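Some notes on the structure that comes next.
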Amino acid sequence: MPELPEVETVCRGLQGVLKGRRFAHVDVRRKDLRIPFPKGLAGALTGRQVARIYRRAKYVMMDLDDGQVLIVHLGMSGRMTISPQAVSPGKHDHVVFTTDEGTQITFNDPRRFGLMALAQQSELDAHKFFRHLGPDALSESFNAESLSASLKGRKTSIKVALMDQRIVVGVGNIYACESLYRAGISPKRKAGTVAGGRAQALVPVIKEVLRQAIKAGGSSLRDHVQPSGELGYFQDSWQVYGREGESCGTCKKKGLGHAVKRIVQGGRSTFYCARCQA
DNA sequence: CCTTGAACCTGCGGGC
DNA sequence: TGCCCGCAGGTTCAAG
């Protein structure tokens with residue numbers, strides 16, 4: 001469940017139960033994720049107080065009171081769920097945190113593409129997870145000028161470029177498709193041809209789509225997105241993603257027979273309307 | 001440097 | 001009902 005809006009939603013959901021709390025107990029039930037948990041993770045966290053929770057790129061960050069930071073990535077299928085008291089762990093519950101108030105926070109990840117790591121707060125800019133990243137999609141440093149500069153001369157498709165975290169951070173498959181649709185830009189267009197006027201139009205569309213998705217609590221595919229267990233509902237606003245064969249809103253309104261297409265780019269599905277996107 | 005494709009995992013839904 | 005196939009929100013690494 002993790003593009004920028006979903007990770008942001010998770011951070012906000014954890015805020016209420018974790019900020020200012022201590023980890024009374026940390027149970028690492030399985031550590032062989034694709035990137036294994038660091039040795040001594042439970043020991044390093046137990047007794048620590050969580051000073052701050054925030055998103056960096058698609059990572060959930062928890063500043064601890066000893067200068068370290070717990071870094072969590074949800075991979076493709078990761079979830080964080082909150083329970084007011086102890087519950088028996090389920091199949092893919094890999095880490096269970098218990099706070100000093102008795103709240104349980106469970107990290108669940110069936111596909112095990114997620115990860116946890118510890119780092120020094122002061123060394124994050126140079127950290128291997130972050131040093132190569134471009135500007136965050138919602139930051140002011142992501143703007144028409146910076147995007148144009150990154151796209152200039154690029155031969156890959158704009159869709160693949162938008163998912164490249166060196167160009168812009170936070171956009172994944174769903175929001176790349178949705179943003180391009182809303183901006184009327186074909187996902188097949190060479191990235192270089194988007195520099196300039198099209199980038200000018202595209203940047204605010206990306207920001208708006210992401211902001212709306214955050215407001216909706218993210219998109220829920222089959223999982224609960226919010227730690228509270230509530231479902232995000234931005235999937236109801238998808239115009240093209242997952243809608244192969246349907247007419248997009250504009251074509252439907254005009255009674256045109258065009259249908260949303262699915263193609264594969266960079267090994268990922270792209271959904272778009274060939275009539276509305278050029 | 002850029003670009004492409006495969007790899008890492010499990011689960012679910014569709015087609016037969 | 002059961003099996004097989006394709007597909008799923010991300011990132012990294014190797015090879016051309």
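Convention: sequence-line order gives letters A, B, ...; per-chain numbering from 1. For clarity, every value in this text was computed on a predicted model and none was experimentally measured.
Minimum atom distance to the side chain of A:Arg34 is reached by B:dC8, of the listed B:dC8, B:dT10, B:dC2. Taking the side chain of A:Phe129 as heavy atoms from C-beta on, and the options C:dT12, C:dA8, B:dG11, the nearest nucleotide is C:dT12. For A:Asn173, taking side-chain heavy atoms from C-beta onward, the closest of the listed nucleotides C:dG10, C:dT11, B:dG11 is C:dG10. Between B:dG11, C:dC7, B:dT3, one nucleotide has an atom nearer to the side chain of A:Arg166 than all others, and that is B:dT3. With distances taken from any side-chain atom of A:Arg154 to the nucleotides B:dG11, B:dT3, C:dT11, the minimum falls on B:dT3. Here C:dT11 is the nucleotide among C:dT11, C:dT12, B:dT10 with the atom lying nearest to any side-chain atom of A:Lys58. Out of B:dT10, C:dT11, B:dT4, the shortest distance to the side chain of A:Thr156 is found at B:dT4.
The environment of NZ in A:Lys261 is sparse: at most 12 heavy-atom neighbours from other residues, nucleotides or ligands sit within 6.0 Å.
Within 4.0 Å (heavy atoms only), A:Lys128 reaches no atom of the nucleic acid at all. A:Gly267 comes within contact range of no nucleotide atom at all, as no heavy-atom separation falls under 4.0 Å.
OP1 or OP2 of C:dT11 has at least one side-chain nitrogen or oxygen of A:His73 nearer than 4.0 Å. Contact check, A:Arg268 against C:dG10: a side-chain N or O comes under 4.0 Å of OP1 or OP2. Look at A:His132 and you'll find a side-chain N or O under 4.0 angstrom from OP1 or OP2 of C:dT12. Residue A:Lys91 places at least one side-chain N or O under 4.0 Å from the OP1 or OP2 atom of B:dG11.
Rounded to a whole Å, the CD atom of A:Glu244 is 9 Å from the P atom of C:dC7. One interatomic measurement links the two molecules: CG of A:Leu133 to P of C:dT11, which rounds to 8 Å at whole-angstrom precision. Counting to the nearest Å, the C1' atom of B:dC9 and the CG atom of A:Leu115 are 14 Å from each other. Across the protein-nucleic acid pair, A:Glu6 atom CD and C:dA8 atom C1' stand 13 Å apart, rounded to whole Å. Taking atom CE of residue A:Met76 and atom P of nucleotide B:dC12, one finds them 15 Å apart after rounding to whole Å. To the nearest angstrom, P of C:dG10 lies 8 Å from CD of A:Gln165. Atom pair A:Arg111:CZ and C:dT11:C1' shows a separation of 12 Å (rounding to whole Å applied). Taking atom CD of residue A:Gln265 and atom P of nucleotide B:dT3, one finds them 14 Å apart after rounding to whole Å.
Spacing of P atoms, B:dC9 relative to C:dC13, comes out at 15 Å, to the nearest Å.
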Could you walk me through whether A:Ser77 and A:Asp109 pass side-chain hydrogen bond (donor to acceptor under 3.5 Å, both in side chains), step by step?
CA-CA 5 Å; A:Ser77 57; A:Asp109 182 11; 2.5 Å; yes
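Two residues, A:Arg112 and A:Gly153, neighbour DNA chain B, and the one matched to the more 5' nucleotide by heavy-atom proximity is A:Gly153.
With the 3.5 Å cutoff on both pairing distances, Watson-Crick and G-U pairs in DNA chain B assemble into runs of at least 3 at B:2-8 with C:10-16, B:10-16 with C:2-8.
When all heavy atoms of A:Ala57 and A:Leu133 are compared, the closest pair comes out as CB-CD1, 3.5 Å.
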Identify each donor-acceptor pair in which a side-chain atom of residues 269-278 of chain A lies under 3.5 Å from a protein atom, sequence neighbours left out, and give them as a table.
unit_1, atom_1, unit_2, atom_2, d
A:Ser269, OG, A:Arg262, NH1, 2.5
A:Thr270, OG1, A:Lys159, NZ, 2.8
A:Thr270, OG1, A:Gln265, OE1, 2.7
A:Tyr272, OH, A:Lys188, NZ, 3.4
A:Gln277, OE1, A:Cys273, N, 2.8
A:Gln277, NE2, A:Leu180, O, 3.4
A:Gln277, NE2, A:Ile185, O, 2.9

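Within the model, atoms CD1 of A:Ile71 and CZ of A:Arg56 stand 9.0 Å from one another, a figure rounded to the nearest 0.5 Å.
Formation of a donor-acceptor pair under 3.5 Å by the A:Glu178 side chain with backbone atoms of A:Val209 is not found in this model.
The ring pair (Phe, Tyr, Trp, His ring centres under 6.0 Å) test applied to A:Tyr233 returns no partner, not counting sequence neighbours.
For A:Phe113 and C:dT11, the ring-to-base geometry does not satisfy the stacking test (centroid distance below 5.5 Å, interplanar angle below 30°).
Each of A:Arg22, A:His25, A:Gln49, A:Arg21 was checked for a side chain to side chain donor-acceptor pair (under 3.5 Å) with A:Asp100, and the lone residue meeting it is A:Arg21.
Note: A:Phe129 and A:Tyr59 have parallel aromatic rings, judged against thresholds of 30 and 60 degrees for the angle between ring planes.
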